[in-house]
Amino acid sequence: MSKKVVYGKSSEASYTRNTRIKSAIIVIVLLLLTVICLLPLYILIINSTRNVTQITTEGVSLIPGSSLIRNIKELLNNDLYAMVYDPLIGLRNSLFLAGSSTFLIVFFSAMTAYGLVVYDFKAKGIAFTFILAVMMVPVQVTSTGFLQFMIQLDLEDTYWPLIIPGIASPAIVFFMRQSLKSTFPLEIVEAARIDGCGEFKTFIKIAIPMMKPAIAVQAIFAFISKWNDYYTTSMILISGKLNQKTLPMMVSAVMSNDKTADYGVNYTAIMLSIIPVCAVYLALSKFIIAGVALGGVKE
């Protein structure tokens, strides 16, 4: 009997030791991945505080400089930059395009996914297969036809082609559908119908609150995608007017200015353009954490 007890304690100690080793390895790997992901962003912020001489002669540095205020003043006050860069106008345009597009994309994608999960109809499988097929088509393949169509509708150099077509987002519909299939109980829809709740009201009052984690994740992806969308905006906004440009377009113009080569100013322009994206992520990250916790305790 005593030998069995000793053996049991030895096995338990060995199991505990192996678990700690595995946990330590996982923590080390996650720390390395975190450093790999955040290091470029950190270097970007550091370079925005350095001047052009320090960047070109000293190379990469992890120590902040003292030229951030000088770089910001140069970016805002230099006439060469003022011709192509206005942070308030760029921020306004980018927030309008990214915000409105994100709302429409997330709302209609959630509605489409809800319909694919809750309702049974003959073309249900065909519709989902078509959505998956559209995901495989790159934007560049359809850009020429899309531009010609917008010119025929006399919508070039306007914001409408940058907002309305984004409603059709196959990748987000796919993610929403998978999330609903794993976490959304169909019985609650039947209960709402018995209580006399309409279909659209059921979607708004019941489905949307239960989909908050998935909506938050996809809102982050959609906002970042639209905020950084230089390809489509530069293709549609062809007049080159400063009051129409988005912040990424202005940053690109600053970096491509042949008359200036101030890398400190360039890094500062990039750094200022990513602040709203970071703010959106921080605002929605609590919903992501809540979704992970909900999935962890779900039976």
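Positions are given from 1 along the sequence. All figures in this text were calculated on a predicted structure; none of them were measured in a lab.
- Using a 4.5 Å cut-off on side-chain heavy atoms (C-beta onward), Glu199 and Arg193 make contact.
- In this structure, the side chains of Val117 and Leu186 come closer than 4.5 Å at one or more pairs of heavy atoms.
- The side-chain heavy atoms of Leu97 and Tyr159, taken from C-beta on, include a pair separated by under 4.5 Å.
- By the 30° and 60° cut-offs, the orientation of the rings of Trp227 relative to Phe223 is parallel.
- Distance check: Gln140 CD to Thr232 OG1 gives 8.0 Å after rounding to the nearest 0.5 Å.
- Nearest heavy atom pair, residue Ile46 against residue Pro64, reads CD1-CG, 3.5 Å.
- Between the side chain of Ser48 and the backbone N or O of Tyr267 there is no donor-acceptor pair closer than 3.5 Å.
- A donor-acceptor pair under 3.5 Å is formed between the side chain of Thr142 and the backbone N or O of Val139.
- Linking Ile, Leu, Val, Met, Phe, Trp and Tyr whenever their side-chain heavy atoms come within less than 4.5 Å puts Met111 and Phe121 in one cluster.
- Checked by atom type and distance alone, the side chain of Ser252 never pairs as donor or acceptor with a backbone atom of Pro248 at under 3.5 Å.
- For CZ of Phe221, the number of neighbouring non-hydrogen atoms (other residues, nucleotides, ligands) closer than 6.0 Å is 12 at most.
- Between Ser101 and Lys226, the shortest heavy-atom distance links the atoms CB-CG, 3.8 Å.
- Between Val106 and Ala219, the closest heavy-atom pair is CG2-CA, 3.8 Å.
- With hydrogens and angles disregarded, a donor-acceptor distance shorter than 3.5 Å links the side chain of Gln54 to the backbone of Asn51.
- Nearest heavy atom pair, residue Tyr85 against residue Leu242, reads N-CD1, 4.0 Å.
- Heavy-atom minimum distance, Asn243 versus Ile89: CA-CG2, 3.7 Å.
- Residue Ser273 comes nearest to Val277 through the heavy atom pair O-CG2, 4.5 Å, listed as atom of the first residue, atom of the second, then distance.
- If you take OG on Ser109 and CD1 on Ile131, they are separated by 9.0 Å, rounding to the nearest 0.5 Å.
- Asp195 has no carboxylate O lying under 4.0 Å from a charged side-chain N of Lys201, or vice versa, which leaves the two without a salt bridge.
- Judged purely by atom type and a 3.5 angstrom limit, Lys124 uses its side chain to pair as donor or acceptor with the backbone of Tyr119.
- Enclosure of atom CD1 in Ile275 by more than 12 non-hydrogen atoms of other residues, nucleotides or ligands within 6.0 angstrom is indicated.
- Side-chain N or O atoms of Ser179 include none that pairs as donor or acceptor with a backbone N or O of Phe175 at under 3.5 Å.
- No chain of hydrophobic side-chain contacts below 4.5 Å, direct or via other Ile, Leu, Val, Met, Phe, Trp or Tyr residues, connects Tyr263 to Tyr42.
- For Ser143 and Tyr231, the side-chain atoms include at least one donor-acceptor pair closer than 3.5 Å.
- With Thr49 contributing its side chain and Gly65 its backbone, the two residues share a donor-acceptor pair below 3.5 Å.
- Using a 4.5 Å cut-off between side-chain heavy atoms of Ile, Leu, Val, Met, Phe, Trp and Tyr, with links allowed through other members, Leu88 and Ile274 fall into different hydrophobic clusters.
- Under the 4.5 Å side-chain criterion, counting only non-hydrogen atoms from C-beta, Arg70 is in contact with Asp262.
- Exactly one residue among Asn78, Asn71, Asn77 makes a side-chain hydrogen bond (donor to acceptor under 3.5 Å, both in side chains) with Glu74. That residue is Asn78.
- Side-chain contact between Ile270 and Met255 is present, with at least one heavy-atom pair separated by less than 4.5 Å.
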**Chi angles and distances behind the side chain to side chain contact (heavy atoms under 4.5 Å, CB included) call for Leu153, Trp160** = CA-CA 11 Å; Leu153 296 178; Trp160 295 113; over 6 Å; no
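- A donor and an acceptor atom, one from each side chain of Gln244 and Ser239, are located under 3.5 Å apart.
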